[in-house]
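This structure is a prediction, so every number in the text was calculated from the model and none was measured. Each chain gets a letter, A, B and so on, in the order the sequences are listed, and its residues count up from 1.
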There are 2 protein chains.
Amino acid sequence: MTDARLSLVFSALADPTRRDIVARLAAGDATVNELAEPYDVTVQAVSKHIKVLEDAGLVSRSRDAQRRPCHLEAEVFDLMTKWIERYRREAEDRFRRLDALLEQMDEQPATDTPTKEAS
Amino acid sequence: MTDARLSLVFSALADPTRRDIVARLAAGDATVNELAEPYDVTVQAVSKHIKVLEDAGLVSRSRDAQRRPCHLEAEVFDLMTKWIERYRREAEDRFRRLDALLEQMDEQPATDTPTKEAS
DNA sequence: TCCATGTTCAACCGGTTGGTTAAATACCCT
DNA sequence: AGGGTATTTAACCAACCGGTTGAACATGGA
């Protein structure tokens, strides 16, 4: 269930323009036009980008007359961080174990221990 | 310079199969065939996925006879974590400031402070 | 040397994506 | 009601993506 969400989030952030939009929203809410101003693409293109961010749950929007101010939803970052940290930790643990193994092999070398045994 | 790299990493992880491959590599190195086994796509498709992960710097490969064992490069996660944490922190700080502002407004209300002044 | 195994390359296909322009919608103001 | 501003929708296009099949390449073993 979270998996599809994670795909949306990662693919939303895969685009540099969208990452820049997120970066700017981190400094404060902004409207579509304000967000579009620095880029040399049409405002429609930026509107699409924002929709992608919104669908990923990274951005929410309210209404202020004609304007639709965009707001960064920071909680989503937790989802990513959790995913990342989990596998980083696993990989690091594995690295530590390998390190320990190498040390051990250094002490009592070449007992011809079978290392792999695939089903 | 890091920006293009970040795009590669995020878009690599936007695919659920590739995320699963990363998850499995976190538990230990594996060959292309081993990695391909659980999925119902061809080994060529998995080979492509691995290439994407490799281009993003998430995976490195050595050689063992015909086999090309894949190894998870955990350092790349730091790049992501740094990017994510930075903006999450900014957004949280902003949230805290807003909170403080609201409290302050509660104490001495309606001084008609101009809030916005663009350009 | 020949063959089996593991992996990649090439060409192709349908769906998605990021962009465009043009038109529609939503809201405020007079 | 009518006009101006902000934004979205629709239709289209070229490029990219994830998948396929079929052929090629790389390596170790009989």
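Residues Arg67(B) and Val41(A) each lie close to DNA chain C; by heavy-atom proximity, the contact nearer the 5' end of the strand is made by Arg67(B).
Proximity note for Gln66(B) (side chain, C-beta onward) versus dT21(C), dT8(D), dT5(C): the nearest is dT5(C). When the nucleotides dA11(D), dT27(D), dG18(D) are ranked by their closest atom to the side chain of Ala65(B), dT27(D) comes out on top. In this structure, the nucleotide among dT21(D), dT20(C), dT7(C) sitting nearest to the side chain of Ala45(A) is dT20(C). Among dT27(D), dT7(C), dG18(D), the nucleotide with an atom closest to any side-chain atom of Arg63(B) is dT27(D). Distance from the side chain of Val32(A) is smallest to dT7(D) among dG28(D), dT7(D), dG18(D). Side-chain atoms of His49(B) lie closest to dG19(D) of the nucleotides dA11(D), dG19(D), dT7(D).
A straight line from CZ of Arg68(A) to P of dC27(C) spans 9 Å, rounded to a whole angstrom. For the pair Glu54(A) CD and dT9(D) P, the interatomic distance rounds to 10 Å; values are reported in whole Å. The CG-C1' distance, from Asp40(B) to dT20(D), rounds to 13 Å in whole Å. In this structure, the OH atom of Tyr39(A) is 19 Å from the C1' atom of dT20(C), given to the nearest Å. Atom CG of Leu35(A) and atom C1' of dA6(D) are 13 Å apart (whole Å). Between Ile50(B) atom CD1 and dG6(C) atom P the separation is 14 Å, expressed in whole Å. Asp15(A) places its CG atom 18 Å from the P atom of dA15(D), with the value rounded to the nearest Å. Going from atom CZ of Arg61(A) over to atom C1' of dA6(D) covers 11 Å, rounded to whole Å.
Using a 4.5 Å cut-off on side-chain heavy atoms (C-beta onward), Arg18(B) and Val22(B) make no contact. No side-chain heavy atom of Phe77(A) sits under 4.5 Å from any side-chain heavy atom of Glu85(B). Between Arg24(A) and Leu35(A) the shortest side-chain heavy-atom distance falls below 4.5 Å.
Contacts of Lys51(A) with the nucleic acid, taken as non-hydrogen atoms under 4.0 Å apart, are absent.
Taking the charged nitrogens against the carboxylate oxygens, Asp93(B) and Arg89(B) have no contact shorter than 4.0 Å, which rules out a salt bridge.
Side-chain nitrogen and oxygen atoms of Asn33(B) include none within less than 4.0 Å of the OP1 or OP2 phosphate oxygen of dT5(C). Look at Ser47(A) and you'll find a side-chain N or O under 4.0 angstrom from OP1 or OP2 of dT8(D). OP1 or OP2 of dT20(C) has at least one side-chain nitrogen or oxygen of Thr42(A) nearer than 4.0 Å.
Under a 3.5 Å cut-off, the side chain of Thr31(B) and the backbone N or O of Pro69(B) do not form any donor-acceptor pair.
Counting atom types as modelled, Gln44(B) pairs a side-chain N or O with a base atom of dG22(D) as donor and acceptor under 3.5 Å.
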